[in-house]
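Worksheet for the structure shown next.
Predicted model, so just to flag it, every value in this text is computed and none were measured.
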Amino acid sequence: MKICAFIGDMYRDFSLSIIRHLDYYAQEKGHRIDVFGMCSVTTSNPLHVNGLKSILTLPNVHDYDGIILCYDTLIHEDLGKDLVEDLLDDMEAPPVVCIRAAIPGFYNIIPDNRALMYEVAKHVISKCKTDDIGFVTGMDELEDSYERREGFEKAMQEAGHEIREDMIYHGNYWITQGPEMADCFIKPDGTLPEAIICSNDYEAIALCNELIQRGYQIPGDTMISGVDNTYEARDHIPSMTTIEISNETFVDIAMQVLEDAANGKKRDLNIYVPGNLILRESTGDLVVERDIYKSLCLQNVASSVSMDDRREFVVINALFEGALTKETSIQVTLDQFRTIDSILSVYLVQYRENDRVLVGYYSDQGEDHIKDVTFSNDILLPQGLENDERGTRIYLPLAYKNEVYGYALFVVDTDVANFINFKIEYILSQAGQNINKLELYSKLFGIADVMSLYIKDPLTGTLNRRGFEKHISELFNDEGKMIKACAVASIDMDELKFINDNFGHNAGDEAIKETANAIESALNPGEFVARMGGDEFEAVIFLSDPGRLGKFIRNVRNNIREVNLSGKYQFELSSSIGTCDLTDWHGVTDCMKKADKAMYLEKKAKKKNR
């Protein structure tokens, strides 16, 4: 079978474990697994997130026998939202199995979150003499957070305990709220609840560490428990009582569902998986003695390694700073990937207007190849490279802010502990930033107006993506509110490919420039248009009067009609337009998406009427 997997947060235990067990199926069962995703989300800027999100649209899902989706690793800044909508709308998509989240319309392999929390809470509550028990929720917007809270509440009710809202802290499932959680649960007299039950291990560890730093003892002053059984929970001092579902179990069931679907065997859409309670030191349930001195030594070693990693990142940054040509930048990138034990092969691919180019690679830790190899947009690598029917391939984005330059394909040794790590992410971010820098340098040779060149499209003279981001951000105040009412218009040329194929790319360039002129001529002072790539334009229109959008659209169409009537070209220009009113800064991406949908509806209607 050929499987496509979408996974985010690849440096975390859950994602690594899922990929590792998928690789087992690839190696031992003869499957081909292609994994598309990202290491982490380093920005909340909605336009910059699009750079990361681009990797989720890279594969043609129809080339695969099935799809595995780890949706809860793609929730940051709505990374996976568009992907889910596209898969649900695609009637010809292969079967989709969603792991650890429930999405109607997909097969879902779901932890029984109520039962998981109920079991761990029941155990902790049984060790308490009073109802003085705190609880930390997960992210409030996630369904599993509510389910885990319901499991806690059921255990409390069965014990005859009151559930007090002032004893509940609303967490975020991550390690960043230790001080806030501690402040919530430390009483005015300095004491703590008998126990604090957390919705996952990361929250439990963060709270435990913060309390220890403030002089408290765990479990002496309070018991703490988590959920999920991460490696950090196992190795922590004290080790954390938790409950787990084996990630191998998730993958085994997912693969079985896809195999059954391929064989026409019906399965329930929702498959619930129970967990196993693991009792440890944080609740006074030490089952197996361990060498605390050895554990502390291992933590010190890990801390020392982390310090060395930070120093290494400084060196990597300096190497990229000194790479002032495309070739040296690619060489630095490949050299740095070679220092990571897990990477066996890496391929660096950049997008171009009409095709893709492999700019550098090494395979099976062999020699470097730094030479442009052009190939078509409908395949992921040139013919003859990584075309095995078995094995695992991992695809990560090559981007800088909202500029998407391409992607990197990795073949890794999943037996290495952290086969995807922060260093891989850092090297990719530096490579993307360097591409951006080198593009700027190439344009600046002999040109004084740096900023103008940086934000403008060289073909049309309109703004480019960077210019669009700069100008649209200036329409909002520091709170993200609009300074003046405006809307976005998505404009897409019709049949540019036909013009390129029949009249040549020079004619296509002229068509793009004439379309840009037609749009610019329809703008009022202060309004702007950007060429977002290829035949796509985005305009921002000020809603100075109720009929402004309609007038803009009419003027664009009239300007295009005048070009066609002039008889200047053998081809005819045509464009489809969609619009959406802007609301606030965080809604920019959704607004652009809605305008795109409206534009594509018009384009689809034109095709039907031909």
Side-chain angles (χ1 to χ4, degrees), residues 6 8-9 36-38 40-58 69 71-89 103 139 141-142 351 397-405 407 429 432 436 455 462-492 527-543 549 576-601 603:
F6 294 105
D9 286 345
F36 300 86
M38 64 289 300
S40 67
V41 180
T42 56
T43 177
S44 60
N45 185 316
L47 296 175
H48 295 178
V49 169
N50 286 337
L52 297 175
K53 192 187 296 185
S54 66
I55 198 71
L56 303 180
T57 62
L58 176 61
L69 172 63
Y71 181 68
D72 65 350
T73 67
L74 296 167
I75 59 172
H76 313 294
E77 305 301 325
D78 288 333
L79 272 173
K81 181 181 175 183
D82 293 346
L83 171 65
V84 168
E85 290 178 0
D86 290 343
L87 290 173
L88 289 171
D89 289 342
I103 298 177
M139 297 173 69
E141 62 267 30
L142 296 181
Y351 298 129
L398 186 57
Y400 176 63
K401 296 186 176 179
N402 67 321
E403 292 283 356
V404 182
Y405 295 111
Y407 53 91
S429 70
N436 181 274
I455 65 174
T462 66
L463 297 173
N464 58 19
R465 283 181 176 271
R466 290 185 294 267
F468 180 80
E469 178 188 338
K470 178 180 182 296
H471 279 64
I472 199 169
S473 65
E474 292 170 355
L475 301 178
F476 300 86
N477 61 23
D478 292 340
E479 289 74 41
K481 303 298 183 184
M482 286 194 306
I483 296 172
K484 62 168 66 176
C486 55
V488 294
S490 290
I491 304 135
D492 199 346
E527 296 173 346
F528 54 90
V529 61
R531 184 183 176 211
M532 306 300 280
D535 57 357
E536 301 170 1
F537 295 84
E538 203 81 29
V540 171
I541 309 302
F542 296 145
L543 302 180
L549 268 180
S576 299
I577 304 173
T579 64
C580 178
D581 290 0
L582 277 168
T583 53
D584 58 33
W585 173 242
H586 294 288
V588 168
T589 302
D590 278 344
C591 185
M592 291 169 65
K593 180 185 169 188
K594 288 175 182 176
D596 276 344
K597 283 189 174 181
M599 178 270 293
Y600 280 117
L601 284 174
K603 190 178 288 283

Salt-bridge test for Arg465 and Glu403: reply yes if a basic N is under 4.0 Å from a carboxylate O, no otherwise.
no
Heavy atoms only: give me the nearest Asp492-Met599 pair and the separation to one decimal.
CB-SD, 3.3 Å
For Ala530, is there any backbone N or O sitting under 3.5 Å from a side-chain donor or acceptor partner on Glu538?
no
Would you give the length of the straight line joining atom CG of Asn402 to atom NZ of Lys53, rounded to the nearest 0.5 angstrom?
12.5 Å
Atom of Leu56, atom of Gly80 and distance for their closest heavy-atom approach:
CD1-CA, 4.4 Å
Which of Thr583, Thr589, Val588 passes side chain to side chain contact (heavy atoms under 4.5 Å, CB included) with Trp585? It is Val588
Assess the residue pair Lys470 and Leu463 against the criterion (side chain to side chain contact (heavy atoms under 4.5 Å, CB included)); give the C-alpha distance rounded to whole Å, side-chain angles, the decisive distance to 0.1 Å, and a yes or no.
CA-CA 10 Å; Lys470 178 180 182 296; Leu463 297 173; over 6 Å; no
Parallel, tilted or perpendicular, as decided by the 30° and 60° cut-offs, for the rings of Phe36 and Phe6
tilted
Separation of Ile75 CD1 from Lys81 NZ (nearest 0.5 Å):
13.5 Å
Kindly compute the distance separating CE (Met139) from CG (Asp72), expressed to the nearest 0.5 Å.
10.5 Å
As an exercise, state the distance from CG of Leu58 to CD1 of Ile55, rounded to the nearest 0.5 Å.
5.0 Å
Should Leu69 and Ile103 be marked as a side chain to side chain contact (heavy atoms under 4.5 Å, CB included) after you check the CA-CA gap, both sets of side-chain angles, and the distance that decides it?
CA-CA 10 Å; Leu69 172 63; Ile103 298 177; 4.1 Å; yes
Distance from Ile541 atom CD1 to Asp581 atom CG, nearest 0.5 Å?
11.5 Å
Decide yes or no for Phe542 and Cys486: does some side-chain heavy atom of the first lie under 4.5 Å from some side-chain heavy atom of the second?
yes
On a heavy-atom basis, the closest approach of Asp596 and Ser490 is OD1-OG, 2.9 Å
Lys401 vs Asn436, side chain to side chain contact (heavy atoms under 4.5 Å, CB included): CA-CA, chis, key distance, verdict:
CA-CA 10 Å; Lys401 296 186 176 179; Asn436 181 274; over 6 Å; no
Taking it one step at a time, do Ile491 and Ile577 satisfy side chain to side chain contact (heavy atoms under 4.5 Å, CB included)?
CA-CA 5 Å; Ile491 304 135; Ile577 304 173; 4.1 Å; yes
Heavy-atom closest contact (Leu549 atom, Leu543 atom, distance)
CG-CD2, 3.9 Å
Check Leu398 against Gly432 and note the closest heavy-atom contact, atom names and distance.
CD1-N, 3.8 Å
To the closest 0.5 Å, what do you measure between CD (Glu469) and CE (Met532)?
9.5 Å
Looking at residues at least two apart in the chain, or sitting in another chain, which of them share a side chain to side chain donor-acceptor pair (under 3.5 Å) with Lys593?
Asp82, Glu85
Scanning both residues in full, the closest heavy-atom pair of Ile472 with Phe528 reads N-CZ, 3.7 Å
